[in-house]
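Scroll down for the structure; my scribbles are underneath it.
Not measured: the values here are computed from a predicted model.
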Amino acid sequence: MKCRPTTKDAYQLLHDGCMALADVESHGIKIDLVQLERNIYTTSKRIEKLTARNTKSDVCKTWKKVFGRSTNFGSRTQLGEVLFSHMGYECKDEDRTKTGRPKADEETLSKLDIPFVQQYLKVERLKKARATYLRGIQKATMDGFLHPVFSLHLVRTYRSSSEAPNFQNIPIRIPWLGKLIRTCFIARPHHQLVEIDYSGIEVCVSACMHKDPRMIEYIKDPTKDMHRDMAGECYILRTKQVSKDSRFSAKNGFVFPEFYGDWFNRCARSLWDNITNLHLTLPDGTSLREHLKNKGINRLGPCDPKEKPRPGTFEKHIQEVENRFWNERFRVYNQWKQDWFREYQRTGRFTMATGFTVEGWYGKNDVINYPIQGPAFHCLLWSLIRLNNWLKKKRMRSRIVGQIHDSIVADVHKNELEDYLHMANKIMTQRLPKAWPWIIVPLEVEADVSPVGGSWYDKKEMKI
DNA sequence: AAACAGTGCGCG
DNA sequence: AAAGCGCGCACTGTTT
């Protein structure tokens, strides 16, 4: 494998980016050490309490009988053996890892529907929060500040990575978990934490590559909504019947997976499971399962690559949705994928819009995805460099303190907030497309701002 | 004790 | 024909 910046611009971006990120690293983000200590304490108490309650269950008794002194509740391998070898629960082929061991992740274990297991998963999640996040942050905090490292030389796609600790995977999707961790990140006195992110930057960059007119239309016309439309197709709904949750399901269970190279077989399962997990319904409360039944689809189907999807199954329906998706709706995108991959096969290399050449052995999905993931981050990096330089030149008190692929986190003095938001918006949405003419769709950003002295958890959207 | 593979889970 | 992209970190269980 050989990856290198081939153009001078590409080299310069990494050079300047490296220096800007060194600044970010030295600035650091303020940690509320009292809050952190308190959260570790309450989390430990909850772990103790739940663990004590769990010890009374049948599963736990069997576990201790089987493993005796070496019983370790942290071992999911042991749990798998207890459940599947001693308690008679069935482990299907699809629920095994590639090495043939029974899977013991949340998705698989939840399906067993055993009260103990649900409690167990809750405890494990609390342990994860305490070990990786709370204690991880505590260990790395110096004099009340955390200085995560950001690197540009470790990622195959020329994105960045972050470590010690990783600032790019702090919980947010599960509300109580996000709160537990993010309340520990606070603004400096008289400052506010400000996070500005590019909206749908990967979709925008992909549109710049394949120039699919339907996709460009979706980006430019605010009345159009790709995820809403696909929710309509996947669940056979009229536009008005699409709820926020069914849109969410289509976005993360169909549209993005398809863009990244997944296929109907897995999408169907995920969309189907989401009906139950997210309680997807029609506006009148009817379950989408029931709704699909009325449309002649009463089961998922085996989703087995070896078996051809049968009529009347959800699997078959999603296969048809996929065909329309790639052969009608986004056929220009589809053509680009084929052409781009063929050119790679011919030459053994491809070059990103930002001037980085990648050569060596890659799979089809890699070749399609890298030139989107990389340049999408480069938009952010280019902007971060300019914003950081501007803050330095104007000798402002505000500082950039972190970056998460498509967003910039800054600790902004309350008197500089307006200027900061204005300049960030200008650099990110106006100067960048001028500097890089290959960007042919409008770029947008969103800003989240915390109260003065508030925490990262308290951030609220603010119009620029 | 240190290194390694395998798993699982957090994020974009 | 093949069948989601990219990371870092903690932990278990085994090997060196």
Donor-acceptor under 3.5 Å (A/Thr108 side chain, A/Ala104 main chain): no
Under a plain distance cut-off of 3.5 Å, with no hydrogens placed, do A/Asp273 and A/Ser270 share a side-chain donor-acceptor pair? no
Which of these, A/Tyr218, A/Phe325, A/Trp326, sits in a ring pair (Phe, Tyr, Trp, His ring centres under 6.0 Å) with A/Tyr333? A/Trp326
Please map the stems of DNA chain C, keeping only stretches of three or more Watson-Crick or G-U wobble pairs with both distances under 3.5 angstrom. B:1-12 with C:5-16
I'd like to know if A/Arg159 reaches the base of B/dG12 with its side chain such that a donor and an acceptor end up less than 3.5 angstrom apart. yes
A/Leu134 CG to C/dC9 P: how many Å, rounded? 16 Å
Under a plain distance cut-off of 3.5 Å, with no hydrogens placed, do A/Arg38 and A/Gln35 share a side-chain donor-acceptor pair? yes
Less than 4.0 angstrom from a charged side-chain N to a carboxylate O is my criterion; do A/Glu202 and A/Arg159 meet it? yes
Counting any heavy atom closer than 4.0 Å, what does A/Glu106 reach on the DNA or RNA strands: base, sugar-phosphate only, or nothing? sugar-phosphate
A/Ser161 has a side chain; which of C/dG6, C/dG4, C/dG8 sits nearest to it? C/dG8
Would you mind classifying the nucleic acid contact of A/Asn265 as base, sugar-phosphate or nothing, using non-hydrogen atoms under 4.0 angstrom? nothing
Tell me whether the rings of A/Phe314 and A/His317 are parallel (<30°), tilted (30 to 60°) or perpendicular (>60°). tilted
Using side chain to side chain contact (heavy atoms under 4.5 Å, CB included) as the criterion, list what pairs up with A/Lys61, not counting sequence neighbours. none
Check step by step if salt bridge (Lys or Arg N to Asp or Glu O under 4.0 Å) holds for A/Lys111 and A/Asp95. CA-CA 10 Å; A/Lys111 284 192 290 197; A/Asp95 290 335; 3.3 Å; yes
Out of curiosity, A/Ile368 CD1 to A/Tyr362 OH, how far, rounded to the nearest 0.5 Å? 14.0 Å
Check every strand shown and say whether A/Asn169 touches a base, only sugar-phosphate, or nothing at a heavy-atom separation below 4.0 Å. base
Without hydrogens or angle criteria, can the side chains of A/Thr354 and A/Tyr158 be said to hold a donor-acceptor pair below 3.5 Å? no
Sugar-phosphate only, base, or nothing, as touched by A/Ala164 at under 4.0 Å among non-hydrogen atoms: sugar-phosphate
Reading nucleotides 10-16 of chain C from the 5' end, what letters show protein touch, with B for base, S for backbone sugar-phosphate only, - for no heavy atom under 4.0 Å? SSSS---
Look at all strands and tell whether A/Ala129 reaches a base, only sugar-phosphate, or nothing, counting heavy atoms closer than 4.0 Å. nothing
From C-beta outward on A/Ile172, which listed nucleotide comes closest to its side chain: B/dG10, B/dG8, B/dC11? B/dC11
Rounded to whole Å, CG of A/Leu177 lies from C1' of B/dC11 at a distance of 11 Å
Rounded to whole Å, CD1 of A/Ile372 lies from P of B/dG12 at a distance of 19 Å
A/Ile137 atom CD1 is separated from C/dG8 atom P, nearest whole Å, by 18 Å
Measure CD/A/Glu322 against P/C/dA2 and give the value in whole Å, please. 16 Å
What integer distance in Å separates A/Phe259:CZ from C/dG6:P? 18 Å
It should be established whether A/Arg125 places a side-chain nitrogen or oxygen under 4.0 Å from OP1 or OP2 of nucleotide B/dG8. no
Taken to the nearest whole Å, CG/A/Asn365 to P/C/dA1 is 17 Å
Output the single nucleotide from C/dG4, B/dC9, C/dC9 whose closest atom is nearest the side chain of A/Asn166. C/dC9
Counting any heavy atom closer than 4.0 Å, what does A/Ser162 reach on the DNA or RNA strands: base, sugar-phosphate only, or nothing? sugar-phosphate
Across the strands shown, which category fits A/Glu163 at heavy-atom distances under 4.0 angstrom: base, sugar-phosphate, nothing? sugar-phosphate
Respond yes when some side-chain nitrogen or oxygen of A/Arg266 is under 4.0 Å from OP1 or OP2 of C/dG4, and no when none is. yes
Atom pair distance, as rounded to whole Å: CZ in A/Phe350 and C1' in C/dC5: 12 Å
Under 3.5 Å donor-acceptor pair, A/Gln373 side-chain atoms to C/dC5 base atoms: yes
Quick check: does any side chain N or O of A/Thr132 sit under 3.5 Å from a backbone N or O of A/Ala129, one acting as donor and the other as acceptor? no
